[in-house]
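We're numbering straight along the sequence, starting at 1. Note that ligands are numbered from 1 as they come in the structure, with each ligand's atoms numbered from 1 the same way. Everything numeric here is computed off the predicted structure, so don't read it as measured data.
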Amino acid sequence: MALLELKGVVAGYGPAVALHKINLSLEQGQRVSLLGANGAGKSSIVNVISGLLPIRSGEVWFEGERIDGRPAYRVVERGIAQIPEGRLIFPKMSVWENLELGSTALRDKEVKDVLLKQVFDLFPRLAERRKQLAGTMSGGEQQMLAVGRAMMSRPKLILSDEISMGLAPLVVRDIYDTLLRINQEWGVTLLMVEQEARLALEVADTCYLLESGTIVASGPAEEMARSEVVRKVYLAED
Ligand SMILES: Nc1ncnc2c1ncn2[C@@H]1O[C@H](COP(=O)(O)OP(=O)(O)OP(=O)(O)O)[C@@H](O)[C@H]1O
Ligand SMILES: [Mg+2]
């Protein structure tokens with residue numbers, strides 16, 4: 001059984017249709033990237049999964065249960081955490097308070113403390129800065145905080161949206177390395193929206209290519225990297 005499955009999902013904004021019958025399937029432990037140009041519908045897909053964008057038809061299944069139509073906080077409780085586009089941390093709150101907010105769905109204080117320790121192990125920088133106001137940190141540190149906050153809900157699936165946006169390549173590499181650790185050591189499944197094609201193909205084992213709200217190709221990342229359309233259009237090779 002797939003961990004996550006989208007079946008014929010149609011969604012949009014007002015009269016506009018942004019997603020046309022999307023079929024997508026993730027196995028537990030997989031690392032999947034979603035590649036596509038601006039406006040292709042990448043964020044719409046993650047927002048559908050996290051319950052932020054309602055669907056018009058189709059179905060979304062997670063661990064054998066239908067989750068479409070559920071409010072976003074219920075989806076978090078089920079084990080899906082989102083690292084949203086633009087990070088959306090709370091700038092006037094401390095690092096620690098931002099992390100706490102990630103675990104509001106959990107009731108057990110001991111579990112929260114363990115998670116906090118794990119996040120601080122992954123990101124020692126956040127531990128050093130736990131009392132600092134999040135808005136005064138660098139872009140890279142804020143992105144680390146966004147990843148840490150997602151981890152605080154003890155997710156089975158993490159949805160990330162454009163982690164590399166506005167960050168230096170080395171910082172991006174660092175954050176993706178941490179996500180790979182989270183995937184390999186803790187078995188958390190990853191669905192990563194990434195516009196940098198090279199990165200998208202490197203960090204994932206499977207890649208979906210989205211154009212104008214339709215999935216036009218998918219497959220193992222290595223194969224996708226060799227395909228004509230990806231090489232010409234997304235990797236700008238001859
Ligand atoms: N809140 C909104 N209201 C109206 N239209 C929207 C809204 N959000 C997205 N759209 C439209 O839906 C389509 C898909 O947008 P989406 O944000 O999912 O694309 P994306 O692939 O994430 O793009 P980007 O790379 O720029 O983040 C676009 O045509 C966009 O203009
Ligand atoms: Mg987007």
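- If you look at the Mg ion (ligand 2), the protein N, O or S atoms less than 2.8 Å from it are Ser43 OG, Glu85 OE1.
- Linking ILVMFWY side-chain heavy atoms closer than 4.5 Å, directly or via other members, places Leu19 and Leu159 in a single hydrophobic cluster.
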Tabulation required: pairs of a nitrogen or oxygen in ligand 1 and a protein nitrogen or oxygen under 3.5 Å; columns are atom names and distance to 0.1 Å; otherwise 'none'.
residue	atom	partner	partner atom	Å
ligand 1	18 (O)	Ser44	N	2.9
ligand 1	18 (O)	Ser44	OG	2.5
ligand 1	19 (O)	Gly41	N	3.2
ligand 1	21 (O)	Ala40	N	3.2
ligand 1	21 (O)	Gly41	N	3.0
ligand 1	21 (O)	Lys42	N	2.9
ligand 1	21 (O)	Lys42	NZ	2.8
ligand 1	22 (O)	Ser43	N	2.9
ligand 1	22 (O)	Ser43	OG	2.8
ligand 1	23 (O)	Gly39	N	2.8
ligand 1	25 (O)	Asn38	ND2	3.2
ligand 1	25 (O)	Lys42	NZ	2.7
ligand 1	25 (O)	Glu162	OE2	3.4
ligand 1	25 (O)	Gln195	NE2	3.0
ligand 1	26 (O)	Asn38	ND2	2.9
ligand 1	27 (O)	Glu85	OE1	3.3
ligand 1	27 (O)	Glu85	OE2	3.3

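- At a threshold of 4.5 Å between side-chain heavy atoms, the hydrophobic network of Ile, Leu, Val, Met, Phe, Trp and Tyr places Val60 and Leu3 in one connected group.
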(request) Mind running side-chain hydrogen bond (donor to acceptor under 3.5 Å, both in side chains) on Ser164 and Glu194 for me, showing each step along the way? (result) CA-CA 7 Å; Ser164 61; Glu194 181 51 68; 2.7 Å; yes
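- Side-chain atoms of Val119 and Leu126, non-hydrogen and from C-beta on, do get closer than 4.5 Å to each other.
- Lys42 contributes a side-chain N or O that, together with a main-chain N or O of Gly36, makes up a donor-acceptor pair within less than 3.5 Å.
- In terms of modelled atom types and a separation under 3.5 Å, the side chain of Asp205 and the main chain of Arg31 share a donor-acceptor contact.
- No chain of hydrophobic side-chain contacts below 4.5 Å, direct or via other Ile, Leu, Val, Met, Phe, Trp or Tyr residues, connects Leu235 to Val172.
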(message) The test is salt bridge (charged side-chain N to carboxylate O under 4.0 Å, His left out); show your working for Asp68 and Arg70 and say whether it passes.
(response) CA-CA 5 Å; Asp68 53 271; Arg70 292 198 190 182; over 6 Å; no
(request) Would you check, one step at a time, whether the test salt bridge (charged side-chain N to carboxylate O under 4.0 Å, His left out) holds for Asp113 with Lys117? (result) CA-CA 6 Å; Asp113 288 346; Lys117 192 177 167 308; over 6 Å; no
